[in-house]
Amino acid sequence: MLRFILQRALYALPLILVIIVVMFTLLHLIPGDPVQALVGDYPVPPAYRQAIEEKYRLNDPFLTQVWNYVTAVLQGDFGYSYQNQRPVLALILERAPRTILLASVGFAFAIPLGMAIGIITGTTRSANTDKIWTTSALIAYAIPTFWLGQLLVMFFALRLGWFPTQGIGPLVSRAHGFDWVLERGRYLALPALAFAIHEGMRFARIMRASVIDTLSQGYIITARSKGLTRGQIIRRHVLRNSSLPLVTVAGYAFGSALSGAVLLETVFTWPGLGLLMVDSIRLRDNLTVVGVVIFSALAVILMNLLVDILYAMLDPRIRTGG
Amino acid sequence: MTVSQSHMPGAAEHLLDVRNLKVHFQVSDRTVRAVDGVDFHVKPAECVGVVGESGSGKSTLVRAISRLMPNLRVSELSGDLRFEGHDILGMSERDLRALRRSHGFSMIFQDPLGYLNPTHRVGRQIAEALTFHGKGRSDSQRVHSLLEEVGFSDPKSIAHGFPHELSGGMRQRVMIAIALASDPKLLFADEPTTALDATVQLQVLQTLYRIHKERNMAVVIITHDLGVVAELCDRVYVMQTGKVVETAGTVDLFERPKHSYSARLIELSAHRINFRSAGL
Amino acid sequence: MTNQTSVPVSARLKSASDWGISKVGNMMGTRHGAIGSIILLLLAFIAIVAPAIAPYHPLQQTAASLAPPSSEFYFGTDNIGRDVFSLILYGARSSLMVGFGAALAALLVGGTIGIIAGYFRGPVEMVLMRIIELFQTLPVIMLVLCAVALFGSNFWLLIAAVALAIWPMEARLVYGQYIKLRERDFISAARVADFSTSHIIFREILPNAIQPVIVQVALDASIAILIEAGLGFLGLSDPSMVSWGQLLFVAQDYMDSAWWMSVFPGAAICIAIIGLNLFADGLNEIVDPRSTRGMGGLQ
């Protein structure tokens with residue numbers, strides 16, 4: 001097991017390096033003044049210009065520059081955002097927890113929702129249930145998240161007035177205890193709902209396919225010949241085995257969600273990593289853009305690593321090295 | 001469908017009695033008559049073989065009898081199926097489960113790995129099939145004695161292991177232990193040794209034969225291998241394209257095959273049987 | 001597949017090229033395929049004849065801004081008085097062009113890489129598969145955003161950026177097909193018969209590998225349209241072209257006063273995606289009749 005973890009970690013490391021190098025190279029490919037490319041559309045005073053040239057040794061050969069950038073990033077130095085007058089890392093660390101909050105709450109609803117729908121539609125023998133499922137799955141797939149978000153805002157926030165339309169709530173809150181949770185929850189509700197519907201339906205599709213696959217396995221016939229009831233078979237033999245693919249997919253999806261649900265955060269003006277990315281693009285704050293991308297990639301790779309380990313623990317065939 | 005109301009004389013002593021069983025599948029726009037009017041019976045504590053080439057309908061026959069049909073489109077399923085006089089086809093799910101749970105029939109399959117849940121420990125999978133699961137003598141003791149009965153000398157470690165950790169022959173013996181857990185009166189074995197190595201085949205067959213004798217349990221073996229039949233069975237049904245073409249005592253069949261198809265099967269397997277006997 | 005080994009090469013090629021006409025005719029025989037084809041044909045028709053059927057020029061600013069749907073403006077007007085109905089008709093052009101353009105670009109890039117990795121194996125395969133994995137690890141939307149942010153967003157760059165996100169799927173599929181087919185008897189036979197490598201790759205394997213790839217292209221196009229809409233929604237699409245996503249970007253600021261600015265363009269995106277997926281589903285049913293998957297593998 002330990003060997004498996006080490007093996008996976010060793011596999012992830014070069015991936016991270018490659019991503020950092022590629023991103024830096026991309027920055028270099030932007031035509032024009034390299035200093036301007038790093039800083040973006042911000043007017044560069046001569047003092048800054050000199051500082052940047054020195055910091056990234058822009059007059060050194062390209063490979064030396066890459067090396068310098070990689071070592072800087074590995075030490076947590078993503079550069080300085082002139083537009084925001086703050087280090088890029090500080091910006092990322094400020095935004096990341098909000099994105100994690102949104103993604104966690106969204107997943108907390110999406111996973112049980114997806115599993116429940118997947119099991120019901122996967123085990124059903126009714127042609128009608130199947131038809132309803134097929135139609136709603138297709139429609140859910142076709143609705144872009146951000147449009148779903150707009151519809152939710154227009155109906156629940158503007159029409160019914162149940163929830164605020166955007167934002168994360170007051171920066172300094174006077175509420176305490178449960179009131180505080182309620183206050184935050186009101187802001188979180190709609191983005192999390194959009195998240196849960198979208199991801200939940202995706203999980204449901206995967207779960208359903210997996211349930212159907214599991215039901216066709218030989219050990220289900222064995223279970224039937226043991227005289228188990230339908231409920232017992234589903235609980236004991238279908239649930240766990242068909243959840244395995246969902247663990248992987250949900251884990252990978254969580255990694256991507258951590259990197260910022262860019263579109264959802266934009267709809268709800270949820271100030272997480274995704275919105276930081278979009279704002280930085282609009283301000284042409286390239287160092288921040290690259291910083292967020294590298295950070296996201298890191299999040300995804302680490303999450304994938306965790307998922308692989310978790311999967312190995314759930315599946316005895318891998319756990320015992322079979 | 002015609003349900004025969006009157007039973008033939010002697011039918012009462014049959015454990016399993018099948019009349020005019022028909023199983024037809026709908027495959028795209030074609031009807032496949034997998035089983036086409038088969039009469040079949042098994043007496044208590046008897047070992048019966050069903051032989052035929054693949055596609056002869058022998059597997060479908062036992063799947064239909066044990067009501068474990070695959071998810072194909074069945075266009076016709078009819079006949080009079082009686083287990084100890086109970087109508088199997090008309091039986092409710094609940095009664096059927098009761099029959100499978102205790103003193104009814106069990107089944108083992110060709111590919112033991114696929115028929116064992118990969119994520120459950122072996123012991124749990126056997127315990128699940130016990131007649132009075134969770135009652136009386138502790139489950140683990142009963143599991144261990146079942147594992148010993150099918151020939152494991154270290155039942156504890158086997159029960160604790162996962163299916164993928166066992167060899168093919170061991171898995172098939174675990175399957176047999178699962179099948180025995182409900183104290184069945186009849187065991188269906190669908191190509192029980194086809195997926196195994198030649199040497200392991202023999203061990204598994206010997207285990208099966210010993211249990212058949214010790215428990216006085218009826219066994220129906222489905223196989224394409226007449227060698228298996230020659231070693232274990234009292235009586236044989238020969239099937240071809242969904243029909244029984246010959247039924248006879250094993251010795252009679254080998255010495256005086258009446259149907260040309262049987263004769264050809266015997267000829268084909270003669271070489272293998274000689275080979276096997278030499279190995280015994 | 002054994003029957004294919006006995007069929008002469010020429011006959012097999014012929015049947016593969018017949019595929020286009022005879023099988024697409026069958027599309028109308030499957031329910032999903034028929035609905036999908038009709039939706040797609042309708043959208044393509046709208047995109048082509050948009051100038052003729054649109055009641056207003058998309059950039060024409062009428063006096064009525066934020067007017068609700070009426071007989072004069074079917075889908076209302078936007079904040080600067082443009083007719084939303086006309087905008088949606090014109091938007092079909094950009095969505096379909098980027099969608100299919102990116103899907104074809106992805107097919108070209110992904111297909112080439114998949115063929116090379118799948119046919120030649122060895123170290124080439126190793127390196128290419130690592131690259132594909134790298135792209136699949138990165139969050140798609142980030143990748144596209146980054147490309148657009150750094151290099152701008154004119155029409156062609158947009159197609160390239162979207163293709164960048166979807167080519168790995170195509171590459172994997174083609175790779176899988178080639179891995180599978182190269183071991184088949186008829187390919188070994190072709191190799192023994194000393195056919196050139198390019199003959200084997202393009203004349204022997206390709207016709208047998210192409211069917212699932214075509215289904216994937218339809219699915220890719222639907223994903224490309226979603227991504228394009230997303231970029232438009234973030235205000236990053238080509239500003240000189242009307243697109244559905246861009247309409248939603250503008251609508252974002254008027255959700256409280258003009259629901260029609262959001263509802264109709266969003267519905268247009270939905271319909272296009274549904275059409276493409278049903279179409280892919282129909283294709284899939286024809287290509288692989290045994291397949292129980294519905295909705296282009298969506299289930």
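Residue numbers start from 1 in every chain, and the chains themselves are labelled A, B, ... in the order their sequence lines are given, proteins ahead of strands.
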Trainee: Among B:Gln203, B:Gln172, B:Gln201, B:Gln110, which one satisfies side chain to side chain contact (heavy atoms under 4.5 Å, CB included) with B:Thr193?
Mentor: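 The residue from B:Gln203, B:Gln172, B:Gln201, B:Gln110 that satisfies side chain to side chain contact (heavy atoms under 4.5 Å, CB included) with B:Thr193 turns out to be B:Gln201.
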
Trainee: Can you tell me which portion of B:Ile108 sits under 4.5 Å from chain A's heavy atoms? Options are side chain, backbone, both or neither.
Mentor: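 No part of B:Ile108 comes within 4.5 Å of chain A.
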
Trainee: Let me know if B:Ser182 has heavy atoms under 4.5 Å from chain A in its side chain, its backbone, both or neither.
Mentor: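 It is neither, since no heavy atom gets under 4.5 Å.
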
Trainee: Can you say whether B:Gln125 sits under 4.5 Å from chain A via the side chain, the backbone, both, or neither, judging by heavy atoms?
Mentor: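 Both parts, heavy atoms under 4.5 Å.
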
Trainee: How many angstroms lie between CG in A:Asp213 and CZ in A:Arg208, if you round to the nearest 0.5 Å?
Mentor: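 Reported value, rounded in 0.5 Å steps: 12.5 Å.
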
Trainee: Before accepting this row, confirm whether a basic side-chain N of the pair B:Lys58/B:Glu191 lies closer than 4.0 Å to the acidic partner's carboxylate O.
Mentor: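 B:Glu191 and B:Lys58: salt-bridged.
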
Trainee: Measure distances from A:Thr214 to the heavy atoms of chain B and classify the residue's part below 4.5 Å as side chain, backbone, both or neither.
Mentor: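 Neither part.
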
Trainee: Which region of A:Ile220, side chain (C-beta onward) or backbone (N, CA, C, O), has a non-hydrogen atom less than 4.5 Å from a non-hydrogen atom of chain B, or is it both or neither?
Mentor: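 Neither the backbone nor the side chain of A:Ile220 comes within 4.5 Å of chain B.
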
Trainee: Crowded around A:Phe109 CZ? As in, over 12 foreign heavy atoms under 6.0 Å?
Mentor: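 Counting other residues, nucleotides and ligands, CZ of A:Phe109 stays at 12 neighbours or fewer.
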
Trainee: At what distance, to the nearest 0.5 angstrom, does CG of B:Asn216 lie from CD1 of B:Ile211?
Mentor: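 Going from CG on B:Asn216 over to CD1 on B:Ile211, the span is 13.0 Å.
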
Trainee: Sort B:Arg94 into side chain, backbone, both or neither according to what part of it lies under 4.5 angstrom from a heavy atom of chain A.
Mentor: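 Interface part for B:Arg94: neither.
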
